[in-house]
Amino acid sequence: MPLIVDFIDRQFIHNNPPAPTASFKGRIAIVTGSNVGLGREAARIMVRLGASQVIIACRNVEKGKLAAKDIQSTTGCSPDTLKVWQLDMGSYNSVIAFADRVRTELPRLDALAANAGIGTLKFKLTEDNEETITTNVVSMSLLACLVYPKLRATALEFNTYTHFTVTGSELFEFAKFRERKAPAGKIFTTLTDESKSNMSDRYDTSKLLAMMVVKQLAAMAPIDSNKVIVNCVAPGFCQSDLFRDYSGGAVRVMKKILGRPTEVGARTIVHGTCAGPESHGQYVPDCKIKPTGGLTKGKKGAELQNRVWAELKQKLEGIQPGVTSLRFEA
C-alpha cells in the first residue's frame with residue numbers, strides 16, 4: 001500500500017486503536033516527556049490501569065507537577081502514585097543522573113515509555129549534535145542502555161516481561177536521509193553540519209534512526225534470556241504539542257482537522273509497554289505489528305543500520321564507557 005494511502009487509512013478509516021485493558025497493578029512505569037500531550041495521556045492511562053507508580057519525567061519540573069495534579073484530579077489516584085523527576089534529553093549529564101535515580105531509588109522498573117522528542121525546523125546544536133539528533137536519537141539510546149539493566153533485573157526477579165518502548169512515527173518511512181551518503185564514519189558529523197542540513201527532513205530522519213536503534217538493541221539482547229521487550233510504536237498524527245515550534249496557521253488547522261485526540265494516540269504508547277514478546281524489535285503502529293519500510297528494508301537497510309550503530313556506539317561509549325554492553329549492575 002502506498003505510504004500516503006496507508007496514512008489516510010490509519011487516520012480516517014481505522015482511526016481508533018483499542019483502549020488498553022492490560023493490568024498495571026504492582027507495576028512501576030516511567031513516561032518521558034509526560035508533562036504534556038501524548039506522554040501525559042499515556043501516564044493517565046497507566047494510572048487508570050492500576051499502576052503502583054508512574055514517574056513523570058520531564059525537563060520542566062513545575063510543569064510536570066501541574067500534569068500530576070491534572071492526572072490526580074481525573075483519576076482519583078493518591079499523590080504518591082505520581083512522581084515528577086527532572087529529565088532533560090538535551091543534556092547527557094541529565095540523562096545519566098536520571099538513570100542513576102532509577103537504579104538507586106526504584107525497587108523495580110516494569111516499563112519505560114521513551115516518548116520525549118522534538119520536531120523543529122531551526123538548526124541548533126546541543127551537546128555534540130544538532131538538537132533533534134541529540135534528543136530523539138543519542139539521548140534516547142543512552143537512556144535505553146542505562147536503564148536496561150534495571151529492566152532486566154526486574155524481569156528476572158519477578159519472572160515477568162519488562163518494556164522499553166520508543167514513540168516513533170510513520171514518517172520514518174518518508175525519510176530521505178541524504179546524510180547516509182557521507183563517507184564511512186561521517187554520518188553523525190554530516191548531520192551536525194548546518195551548511196549541509198535539510199531540516200525539513202530532520203524529524204523523519206531522527207525517527208528512522210530511532211527505529212534502527214530499536215532493531216539493534218533487540219538483536220543485541222535476545223528476549224528469551226533477558227525478558228526485556230524493546231519495541232517502537234507510532235501514535236499517528238495527533239493534536240499534540242510536538243510541532244509547537246512550527247509557525248503558521250496551516251499547521252494548527254491541519255492538527256484540528258486531521259489530528260487524532262492525544263488520548264487516542266497515547267493508547268498506542270501504553271499498548272507498547274504491555275505488548276507481548278512477539279513485539280520485540282518490532283514496529284507497532286496502532287497496536288499492530290507491521291513490517292518496516294523505507295530505508296530499513298532489505299540488505300541495504302541492514303547495512304545502513306550497521307553503519308549507524310557503529311557510529312552511535314562509539315558516541316555512546318564516549319559519553320559513558322561500557323554503556324552499550326547492557327550489563328551494568330542494576
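Everything quoted here is computed from the prediction, not taken from an experiment.
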So, [X] and [Y]: side-chain donor and acceptor under 3.5 Å apart, yes or no?
{"X": "Asp80", "Y": "Ser78", "answer": "no"}
{"X": "Asn93", "Y": "Ser91", "answer": "no"}
{"X": "Tyr92", "Y": "Asp128", "answer": "yes"}
{"X": "Ser206", "Y": "Asn136", "answer": "yes"}
{"X": "Glu317", "Y": "Thr324", "answer": "yes"}
{"X": "Asn231", "Y": "Thr165", "answer": "yes"}
{"X": "Lys124", "Y": "Thr132", "answer": "no"}

Is a side-chain N or O of [X] found less than 3.5 angstrom from the main chain of [Y], in a donor-acceptor match?
{"X": "Arg180", "Y": "Phe177", "value": "yes"}
{"X": "Lys207", "Y": "Thr167", "value": "yes"}
{"X": "Thr273", "Y": "His163", "value": "no"}
{"X": "Lys297", "Y": "Ala302", "value": "no"}
{"X": "Asp286", "Y": "Pro17", "value": "no"}
{"X": "Thr134", "Y": "Thr126", "value": "yes"}
{"X": "Thr32", "Y": "Asn115", "value": "yes"}
{"X": "Thr135", "Y": "Ile118", "value": "no"}
{"X": "Asp193", "Y": "Ser195", "value": "yes"}
{"X": "His280", "Y": "Ala219", "value": "no"}

**Request:** Please report the C-alpha distance between Arg59 and Leu87 in whole Å, then the side-chain angles of each, then the deciding distance to 0.1 Å, and finally whether the side chain to side chain contact (heavy atoms under 4.5 Å, CB included) criterion is met.
**Result:** CA-CA 5 Å; Arg59 182 170 53 185; Leu87 173 62; over 6 Å; no
Nearest atoms (heavy-atom pairs only) where [X] meets [Y]:
{"X": "Ala42", "Y": "Val31", "answer": "CB-CG1, 4.4 Å"}
{"X": "Met199", "Y": "Glu130", "answer": "CE-OE2, 3.4 Å"}
{"X": "Val147", "Y": "Ala99", "answer": "CG1-CB, 4.4 Å"}
{"X": "Thr192", "Y": "Asn129", "answer": "OG1-CA, 3.7 Å"}
{"X": "Cys58", "Y": "Val84", "answer": "SG-CG1, 4.3 Å"}
{"X": "Glu173", "Y": "Gly293", "answer": "OE2-N, 2.8 Å"}

In Å, rounded to the nearest 0.5 Å, how long is the span from [atom1] of [X] to [atom2] of [Y]?
{"X": "Ser34", "Y": "Lys63", "atom1": "OG", "atom2": "NZ", "result": "13.5 Å"}
{"X": "Ile187", "Y": "Leu312", "atom1": "CD1", "atom2": "CG", "result": "10.5 Å"}
{"X": "Asn35", "Y": "Glu62", "atom1": "CG", "atom2": "CD", "result": "11.5 Å"}
{"X": "Cys287", "Y": "His271", "atom1": "SG", "atom2": "NE2", "result": "5.0 Å"}
{"X": "Arg48", "Y": "Arg44", "atom1": "CZ", "atom2": "CZ", "result": "6.0 Å"}
{"X": "Glu311", "Y": "Asn306", "atom1": "CD", "atom2": "CG", "result": "12.0 Å"}

**Asked** Between Arg108 and Asp110, is there a side-chain N and carboxylate O pair less than 4.0 Å apart?
**Response** yes
**Item:** Ionic contact status for Glu131 with Arg202, cut-off 4.0 Å
**Value:** no
Min side-chain heavy-atom separation [X]-[Y] under 4.5 Å:
{"X": "Gln320", "Y": "Leu146", "answer": "yes"}
{"X": "Gln216", "Y": "Met212", "answer": "no"}
{"X": "Gln53", "Y": "Thr81", "answer": "no"}
{"X": "Gln72", "Y": "Pro79", "answer": "yes"}

**Request:** Give a yes/no verdict on a cation-pi contact between Arg27 and Phe24, requiring under 6.0 Å between NZ or CZ and the six-membered ring centre and an angle within 45° of the axis.
**Result:** yes
**Message:** Would Lys227 and Tyr161 count as a cation-pi pair here, with the cationic atom under 6.0 angstrom from the ring centre and within 45° of the axis?
**Reply:**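 Yes, Lys227 and Tyr161 form such a contact.
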**Message:** Does Gln314, at its CD atom, have more than 12 non-hydrogen atoms belonging to other residues, nucleotides or ligands within less than 6.0 Å?
**Reply:** no
